[in-house]
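Shown next, in structure tokens, is the structure this report addresses.
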Amino acid sequence: MSEFIQLVIAGLTTGSFYALVALGYTMVYGIVRLINFAHGDIFMVGAFLGWTVLTTLAATHMPWGIGLLIALILSMILTGGLGVAVERFAYQPLLSAPPLSILITALGVSLALENGVLLIFGPGFNTYPQLIGSAGFVLGGAHITFIQVGIIILSFLLMAGLYLFVHHTFIGTAMRALAVDRDAARLMGINVERVIQITFFLGSSLAAVAGVMEGLYYTEINFFMGFIVGLRAFTAAVLGGIGNIPGAMAGGLLIGLLEAFSAGYISSRWTDVIVFLVLIGTLVVKPTGLFGERVVERM
Amino acid sequence: MKPTMPISAASLGVAALAVAAVLPFLCDNYIVDVALTIVTYGILALGLNIVVGYAGLLDLGYAAFFAIGAYTTALLETLLNFNFWETIPVALILAGVSGIIIGYPTLRLRSDYLAIVTLGFGEIVRIIATNLNITGGPNGIYGINPANVLGHDITAPKAIYALGLVFLVIVLVLVLRLGQSRLGRAWTSLREDESAAEAVGVPTLRVKMLAYVIGALIGGLGGSLFAARFGTIDPTSFTYAQSVTILIIVVLGGRGSIPGVLLGAIIVAGLPEALRFLNLWREFVFAIALILLMLLRPQGLWPARLRRVAAPSAAAAHHTPRAEPAAQVAEATAGEPEMLLEAKGVSRVFGGLKAVSDVAFTVHRGEILSIIGPNGAGKTTVFNCLTGVLVPSAGDILWDGRSLTRLAPHRVVARGLARTFQGIRLFDNMTVFENVLVGMDHRFRVPLLAELIGLPSARRDTGLHYAAGRNWLEFVGLGDKAGLRAGDLPYGDQRRLEIARGLAGQPRLLLLDEPAAGMNPTEKQSLMGLIRRIRDLGTTVLLIEHDMLLVMGVSDRIIVMDRGQIIAEGPPSAIQANPRVIEAYLGTEEEVEDDGSLGAPILGAMA
Amino acid sequence: MTLLVVEGLRVGYGKVEVLHGIDITVGPSEIVALLGSNGAGKTTTLRALSGLEPIRGGGVTLGGTSLVGVPAHRIAAMGLAHVPERRRLFAPLSVEENLKLGGYLMRDKPAELKQRIEIMYGLFPRLAERRLQLAGTLSGGEQQMVAIARALILKPRLLVLDEPSMGLAPLIVRSIFGIVRRLRDEGMAILLVEQNARQTLRIADRAYVLENGDILVQGAASALAQDPRVQAAYLGGVAAA
């Protein structure tokens, strides 16, 4: 029982990372029909920016909570800006080109970000400052750390906030509208380019939060960390039904749990096989993912 | 826009091959080795091009087939002492079977979902190879024997290169022939508009499966060659990055374009070698170059041109025997029962709303029957039920006394029902002529293999097939536009091309969904004539139309629908006089609307 | 005083020029119809006016301000509302959300926006019953009502309608045309593109007939209905039968 609880908490923690990153995939896909293959690397850049701020602030001896808050906010803003810049220079010129062209461009951006970070920070691991350590409490025989609890709570708050934003603000409604029909949205007076940029900003900022939290949780980051998280998060977005925001959240948490259980009860060597088999199985039964709506085509 | 491949491209290709062939005599081993890498990527990219370029499906796990070919050759040679040539058939079979395995669950998925499923498949294969003992785990397999030709082991780099080049040429010929065959046409139609392809008779699931399987065969072949070249393989050669590299070759070069794909292979495999002096910066510079190239050339460096099947000239077509459309259809429709189709109590529910409820009618042979009614009356839903696009929630549709419900749309077409669409759905990036061919390919009985090899009998039948297609174009008055891109036709011509595409399959019943929508009066007038000529061929016509003058002018009988039900049925004169119809649909047409003075001000109410 | 002045408008796609320099004017309290066969360039004209297609040459002014090079969302803010061909509603959004988006530009005045939405429900009572229903599940006529209501929320100076009758039963077309007339009578300028020439010439004040990217004929609607050139080129054939 204690092992089970331990795995659930571990799964929810990694699942939170996946969910936050998956939101970026799903929002961008929903709005411009692009699978942003660079999004995993945006997450990685967020982790490195957070690391840079934290290590710089470490010398100032300010309380760790404030330092962490500053690191989170700066990383969110800068990573969000990076996402917007990528959209502006690499994707926007291709929005009306064939989808595969923009997909290849996204792969190019992914490669450029990885190798850019490699050139700046080197190929090795960078160690995050140990702010909280492994302090925690025992629940049902399982040791649960405060950092796990913090990650899960913060992720759920961000996800709830995003949901409210998309469904109950004008900008959010505009996002959903232009996902359906860009020209019609323009006729409503919506500045479509601006709203797309806001979407990229939000998705990238959420990925940055995930990046900083992953750095704190696993304590080590390197230039290649975006690949596996990006892959899992993308899987999560599709599992939940790509383009669907609650779907991405649920998909992320499910993949996190699946990973924890397969590592705990089978072997971590087979985790990816199990994750993909579950995904393929789900899509065979429900081709639009768990929360995806069926697209009715009019003839 | 020439429908045939320009001489320059073909001669350029021959020249490039000649250069490739003499390369070993001119260059040192390093260059030849790089060239061999390019050849290997060329083979793989030509295979992936079938899936991505021709059929328009995404595959991010193509390296899996490469791995399966390589591991099959390696294992059979090291464990069972097969020689290289004996391993190839097994490698092809296993790659083909895995093509089916990956193809099957993905066939019904939306195209964007293919990205993750194929990626997952590629990762699964790589992880299995890494985790099993028999495949040597992460270390892979050593001591694979080289290929042996006439008693000589192919070990020298130049010899392996020559072998690779032979493989490349074989694949190249296969891919070129496939592109020109009916399968190539079917793939392209699938890429252009999948549901329209299905609705004009293309068995889309089977055609997609064939794209995966043939792509997989070529990938497997590339894998076998790879194993024999290096004598050792390990899982790092078959990563996601490898799949991505092959995809980049196809898209950067120009998907669907064979010269483009080969150019892409030269650039993507050759450029990193040329950039070696950059050391650590190499990958970064490559990434930026890739982004810039895609921004500058979104269609690829050498984009695919229009497909190349040339229409026979009108004169040539007329000299071919039994190519007169009228004669063919009359023959096909001779001796039929009076009742062609019977809808019995057909209902269709969408999310609780009854779009069509308990509709029953018959279609008689040789008549022009129209279905009219206000928007949302359920007319198109009836069409979709008849053509297999939708399965009725209740009721049955009998055709020659046999049920049509639950047949896939392409099987309904094979039974003799063809249709057009309310919004025009042509294959825009194919020629006018090829659009018609797609509509008639389900009647093309020559075996695919005979067509690919080009057997004399197959060639003759292909000629007849093309001539018939040409005649259908002339029948609707598009004979002089055969070589144009369908998407470039003016609106009225596009409508007529849709009709030709439907007619070309020689249906016994043609369903036209609002063919006059958006036409001007002159075009409508000529459409009326065309509909009558279709009926005179012996083809029964079922018409949905809003334009009353056209409907009243051309129909033998009219069915009126309102809110999912049939409210009247009869000859035009009776329908025009029926008060229920006038009330529900026609209103009082000549009266000027007069509610302008009623109601409070609209704008005035707004602050 | 003319509201919309189009002078020598040229628009094209790729290498093909679709409009070869056309002149159109629309004043307040006026319904101006733009007629012509398919491919004549009617929809392209409207899309160029509302900023959805780039203008290659000529001038367009609305109330004296040039629209050339102004992005579509700014043109909407200047008082031009465009109801596009095939309605183009946001199908997975509710009726209410569609109407709210029509008032996107007055999102800083929620109370006033709410009041205007209620006025639209008063104008189209069937929409009031369906305010939480998804727009994509409405009937064709109801969808057209949403499209028009959505365009009216901002109280535009110029209302541009692209084939509002397309696919609708005559009864619904009549009531929609009735509303267009009421708007005209209240001072709105209306530019109407239609296939249905006979009915359109009956409600329009003036009309232009577009053919292959040029204005073929123009004048008072009543005169155009009698013009032999129009009858031959446009009303002729089936419609005259």
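Lettering of chains follows the sequences in order, A, B, ..., and the numbering in each one begins at 1.
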If you draw a 6.0 Å radius around CZ in C:Arg86, do more than 12 non-hydrogen atoms from other residues or ligands fall strictly inside?
no
Which heavy atom in A:Met188 sits nearest to a heavy atom in C:Tyr104, and how many Å separate them?
O-CB, 3.8 Å
For each of C:Val83, C:Leu101, C:Leu105, tally heavy-atom pairs with chain A at distances under 4.5 Å, and name the one with the top tally.
C:Leu101
Please look at C:Arg74 and chain A and tell me whether the side chain, the backbone, both or neither of the residue comes under 4.5 angstrom of a heavy atom of that chain.
neither
Looking at A:Tyr163, I want to see if its OH is surrounded by more than 12 non-hydrogen atoms of other residues, nucleotides or ligands under 6.0 Å.
no
Determine the minimum heavy-atom distance between C:Ala91 and A:Val180, stating which atoms define it.
N-CG1, 4.1 Å
With a 4.5 Å heavy-atom cut-off, do A:Phe170 and C:Asp108 have their side chains touching?
no
After noting the C-alpha distance and the side-chain angles of A:Arg194 and C:His73, does the key distance pass the side-chain contact (heavy atoms from CB on, under 4.5 Å) rule?
CA-CA 11 Å; A:Arg194 177 71 50 78; C:His73 63 274; over 6 Å; no
If you count heavy-atom pairs under 4.5 Å with chain A, which of C:Leu80, C:Ile75, C:Leu93 comes out on top?
C:Leu93
Heavy-atom closest pair, residues C:Ala72 and A:Arg186:
CB-CB, 3.8 Å
With a 4.5 Å cut-off on side-chain heavy atoms, are A:Thr173 and C:Lys100 touching?
no
From the list A:Ile171, A:Ile190, A:Val192, the residue making the most non-hydrogen contacts under 4.5 Å with chain C is A:Ile190
